[in-house]
Amino acid sequence: MSAATDAPSLAHRRVRRRWGAPLLFLLPAGLLFVAFLAIPIGYALYLSFRGMRVSGGGPFGLRQETWVGLDNYVAAFTDPELVAGLGRLAIYGIIAVPLTLGFALTFALLLDLPRLRGARFSRTAIFIPYAVPGVVATLLWGFLYLPSTSPGNWILERVGLGGVDVLHGGMLFGSVANIAIWGGVGFNMIILFTSLRGIPTELYEAARLDGASEWDIAYRIKIPLVGPALVLTGLFALIGTLQVYGEPATLRPMTSAISQTWVPLMTIYRDAFTRDNLSLAAASSVALALGTLVVSIILLRVTQKRTFGGS
Amino acid sequence: MMRRTAPVITALSAVALTLAACSSGSGSGGAEPDDGGPITLDYWAWGTAQQPMVDAWNAAHPDIQVKRTDAGGGTDSSAKLVTATRAENAPDVALVEYNTLPAMIVAGVAQDITEYSNGLESEFAPGVWSQATFDDATYGVPQDAGPQALTYNKARFDELGIDVPKTWDEFAEAAEKVHEADPDTYLTTFPPDGFGGVAAFAQQAGGQWWSVDGDAWTVDFDDDASVAVADYWQDLVDRDLVSAEPLLTPEWNAKVNDGEILSWPAGLWAAGVLYGVAEQSAGDWAMAPLPQWEEGDSAVAFEGGSALVVTTSAEHPEAAAEFARWMGTAEEAHAIQIEQGQYPASLAGQELTLESEPPLLMPKQKDYWETAAEIARTTIPEISWGPNVNVASSAYQDAMSKAVADGTPLRDALTAVEAEVVDDMKTTGFEVTQK
Amino acid sequence: MSTATTPRPVGTRRLAIEPARPASRRGAVLPSIVLFLGALYCLVPVAWVLVASTKSSSELFSTFTFLPGTGLLENLSDLFAYGDGQYVQWALNSVIFAGVGALLCTLVSTMAGYALAKYDFPGRQVAFYAILGGVLLPGITLAIPQYLLMSKIGLAGTYWSVLLPCLISPFGIFLARVYAASAVPTETIEAARIDGANDARVFVSVALPMMVPGMVTVFLLQFVGIWNNFLLPFIMLSDERMYPLTVGLYTLLSKGSGTPSLYSLAIIGAAVAIIPLIAMMLVLQRYWRLDLISGGLKG
């Protein structure tokens with residue numbers, strides 16, 4: 001620990017070029033990487049060009065796997081539901097990502113202020129949802145949304161106002177996003193908070209003595225300095241958004257407003273399992289994974305060229 | 001680091017033991033070689049009745065031992081069966097819902113067991129038997145059946161002065177009356193995702209969504225009968241006389257318990273399900289035959305019910321078929337089924353129910369099983385399901401939910417489902433005409 | 001920018017003497033209140049599940065949401081009696097998957113991260129970009145091909161099918177690399193080597209102890225990740241007895257047609273499942289070194 005603070009520049013130098021030892025250290029990771037990431041990716045690619053077709057004729061002819069070329073990709077890109085799902089995903093993301101990051105940054109900056117009351121309690125409490133599995137979190141919020149168990153509606157009805165149905169219409173996007181925000185704020189807050197703690201105080205003690213307000217310090221010094229951390233949390237939030245599946249899928253039995261194709265991954269799941277069309281699911285997966293990659297790279301290029309420099 | 005080593009080793013050895021214990025039993029085709037030792041069959045099935053039935057079989061058949069696994073309810077389990085079959089990992093025997101059986105055949109999951117099915121046909125009513133037979137080949141042994149009936153809250157019906165409706169017209173009038181008497185109360189639910197229910201209503205009205213002639217399929221989801229059914233429910237939904245929400249949500253369960261939803265037209269299994277979600281209102285309920293389109297008719301269709309199939313992965317198909325036959329026809333099996341609230345598919349099993357107490361939901365209805373037997377006798381014999389009910393069901397859920405939410409015509413949703421079903425069949429390579 | 005991410009022991013900074021400024025006393029009240037509201041928002045659903053777990057199934061939908069019920073003991077005994085103690089089996093499975101998976105994953109990641117940070121060898125950049133690509137890939141899109149491949153080697157439906165894919169975590173390797181780069185000085189390694197230690201010995205007795213805080217972070221991240229994982233075990237496993245808690249709780253809710261969902265059991269099950277995890281978070285909180293994540297940006 002302490003060694004790191006002594007001489008970071010020296011620590012970054014590498015041991016001289018050699019072959020054997022590093023490859024041995026990398027061997028377990030490499031084997032696992034090939035077996036459980038690289039080969040499945042290749043296999044998914046292969047599957048995306050295959051399809052189940054009836055052979056032998058007859059009304060109950062067996063279906064067999066054959067080569068179908070780009071059929072699956074054509075089907076995926078012309079499926080209006082997959083496209084509509086992307087649209088819904090965009091709405092969800094526009095709500096979830098900025099709010100998660102906004103709350104996380106706000107809480108982190110507040111925690112970094114001097115003379116707080118109960119800061120430790122608040123910090124811990126905000127971090128707690130991270131420990132709650134997504135399936136469970138959705139179950140909990142689902143019950144809080146349902147009119148018959150919702151405390152909000154209980155109060156609204158007591159004061160004579162009608163209940164609000166948060167599981168239909170436009171409110172639905174907010175309700176699903178809320179589950180993700182709830183689960184994500186704490187984790188992101190801790191990342192940002194620890195990077196704030198890494199800023200040497202001298203950088204803004206002077207400003208403070210000059211009479212700068214805490215707001216000015218936050219805006220002009222702290223936020224720019226945690227920029228890299230913000231980019232990274234933003235990137236994870238974005239990837240998380242593109243992969244959203246668990247929350248709407250678990251919420252589906254509680255409302256008819258969530259279709260089986262509500263977001264792209266739900267369509268992929270439906271095609272693969274409910275409809276037994278693995279190859280179409282593989283094609284959509286490949287497209288989605290490529291899309292994620294492209295979006296991530298664009299985000300990184302736009303925000304900071306040096307980010308992820310490698311060495 | 002050192003202090004952590006001991007617990008780590010303990011943990012690792014515990015894991016090693018568990019892994020050793022579990023990897024031997026799983027996976028499948030799991031029969032032992034024929035060296036005179038007992039055969040072991042893997043069996044996937046859901047529901048409370050299965051394990052006691054399997055236990056009874058195992059006690060009586062030391063040579064063929066069955067290991068049952070709960071691989072999830074009907075939908076999850078059949079999806080897993082298809083994937084497992086492709087991965088050559090399927091069990092020997094599996095429980096499958098009637099309407100997914102054709103999909104299991106074309107996916108190569110279910111095996112033709114005609115050669116092991118001598119004399120089996122006479123054990124079942126024609127309507128039940130046709131659910132497991134395709135193209136003159138037998139693919140399954142029916143286990144339980146779900147002819148549609150009307151399960152209703154008799155106490156609330158009496159309180160509101162409503163007679164049990166005999167026709168759908170009377171049913172609509174009753175819905176009106178209920179809603180006038182209490183605006184928070186609905187006679188029933190029209191679940192937008194209720195594929196099985198509406199399929200059965202349409203069949204009762206004379207609809208035939210899939211039909212097969214030689215090698216060619218005909219698909220017709222929006223025939224006159226089905227459209228009439230859609231329009232009927234459209235009217236009730238538009239006038240806010242039925243609740244158009246999914247079934248069995250916490251919300252729905254609470255309303256059933258509170259007497260705010262008064263009936264459920266569904267398979268005979270509804271009594272068991274309702275008891276599970278609305279135990280406090282048990283005793284208030286009764287069951288009556290499903291309303292008819294024309295007074296005096298008696299036809300009803302099935303909703304739900306399942307059969308045992310022998311999979312193509314089975315290494316001992318004969319033993320597997322023997323087990324399946326026992327599960328579907330043995331008196332011992334029926335006794336357990338009835339006790340657990342299932343309605344047996346076989347004639348002998350249905351006979352046996354007459355000696356049983358009524359279900360827990362309606363302990364006061366002494367003629368429950370007679371009524372049930374009456375209904376079972378009048379089920380429509382010739383219903384065929386297509387090879388892609390899974391696609392139809394998922395398309396239906398989305399199209400109907402959207403139609404209900406947007407207020408667009410329900411009949412158009414049927415047309416949309418038909419288009420998706422035909423598309424899927426064409427892509428797969430079936431010969432299909434759309435009507 | 002580069003100074004901003006230099007790892008620094010948490011807490012030392014506050015030793016700096018703050019100028020006494022009475023005006024800011026008032027200023028700290030509002031932030032405290034905002035933080036407290038945030039805490040409240042995060043605690044409400046947890047409080048709800050704890051309260052709801054005390055309700056009998058009839059009270060669940062009839063009494064006010066946050067009014068405790070009378071059914072806690074009955075719910076608990078129902079939960080532990082369900083399916084001959086299946087819940088305990090699920091919990092045990094979760095502990096095995098998450099505990100063993102995270103432990104082995106940490107070792108694998110640490111070794112790989114150390115090699116990537118401290119050695120210069122051909123293909124280092126390629127390996128590093130492959131790992132970054134892995135970080136960006138949606139896990140769900142891999143689950144199906146993983147299942148089919150697992151089946152081909154006869155492992156689908158076994159503990160291994162869930163455990164093995166959890167051992168590789170590109171993100172864990174990424175973090176370990178970042179940590180090794182900053183926490184293990186190259187001079188120390190070279191000094192040890194001059195003393196005659198070989199590569200393995202240098203790693204075990206010099207580098208590893210220095211990397212412990214980073215390893216704890218990787219372990220915790222991976223533990224929570226596996227514990228919360230739903231889709232992989234859901235697809236891989238068909239035997240209820242091998243399910244982890246997430247899949248087990250899900251099956252209580254989705255029983256399929258003809259069987260009602262077991263809401264009360266799912267709620268008490270959820271409450272019991274999150275209590276130990278929250279306790280673990282509270283205890284291990286101070287070991288979290290999440291600044292690693294942002295430190296990675298400097299490269």
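A, B, ... follow the sequence lines: proteins, then strands. Residue 1 opens every chain.
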What part of [X] gets closer than 4.5 Å to chain A, counting heavy atoms only: side chain, backbone, both or neither?
X: C:M150; answer: side chain
X: C:I274; answer: side chain
X: C:I173; answer: side chain
X: C:L37; answer: neither
X: C:A130; answer: both
X: C:Y41; answer: both

>> Please verify the inter-ring angle class for C:Y114 with A:F25; under 30° counts as parallel, over 60° as perpendicular, anything in between as tilted.
In response: perpendicular

Just verifying a value: how many Å separate [X] [atom1] and [Y] [atom2], rounded to the nearest 0.5 Å?
X: A:T124; Y: C:I278; atom1: OG1; atom2: CD1; answer: 11.5 Å
X: C:I33; Y: A:L110; atom1: CD1; atom2: CG; answer: 11.5 Å
X: C:Y147; Y: A:Y43; atom1: OH; atom2: OH; answer: 11.5 Å

Would you say that [X] contacts [Y] through its side chain, given a criterion of any heavy-atom pair below 4.5 Å between the two side chains?
X: A:I41; Y: C:P145; answer: no
X: A:Y130; Y: C:L277; answer: no
X: A:F236; Y: C:F171; answer: yes
X: C:Y250; Y: A:L139; answer: no
X: A:I39; Y: C:L149; answer: yes
X: C:L148; Y: A:L47; answer: yes
X: C:L35; Y: A:I126; answer: yes
X: C:P170; Y: A:L37; answer: yes

Given heavy-atom pairs under 4.5 angstrom as the criterion, report whether the side chain, backbone, both or neither of [X] touches chain C.
X: A:L23; result: side chain
X: A:L45; result: neither
X: A:P28; result: both
X: A:L278; result: side chain
X: A:W141; result: side chain
X: A:V136; result: side chain

>> Just so I understand: if I count every heavy-atom pair under 4.5 Å between each of A:L26, A:I297, A:V185 and chain C, which residue has the most?
In response: A:L26

> Looking at A:Y46, A:F107, A:F103, which one has more heavy-atom pairs under 4.5 Å with chain C than the rest?
Replying inline: A:F107

If you compare all heavy atoms of [X] against all heavy atoms of [Y], which two are closest, and at what distance to 0.1 Å?
X: A:A29; Y: C:I168; value: O-CD1, 3.5 Å
X: A:A131; Y: C:N228; value: O-OD1, 4.3 Å
X: A:A125; Y: C:A39; value: CB-CB, 3.6 Å

>> Heavy-atom pairs under 4.5 Å with chain A - which of C:L164, C:T246, C:L167 has more of them than the others?
In response: C:L164

> Within the distance-only criterion (no hydrogens, no angle test), does the side chain of C:Q146 pair as donor or acceptor with the backbone N or O of A:F36 below 3.5 angstrom?
Replying inline: yes

> Donor-acceptor pair, A:W182 side chain versus C:C42 backbone, under 3.5 Å?
Replying inline: yes

> Between A:Y269 and C:L231, is a side-chain contact (heavy atoms from CB on, under 4.5 Å) present by the stated rule, with each step listed?
Replying inline: CA-CA 10 Å; A:Y269 181 86; C:L231 202 73; 4.2 Å; yes

> Taking only residues two or more places apart in sequence, or in another chain, which ones meet A:Y145 in a side-chain hydrogen bond (donor to acceptor under 3.5 Å, both in side chains)?
Replying inline: A:N178

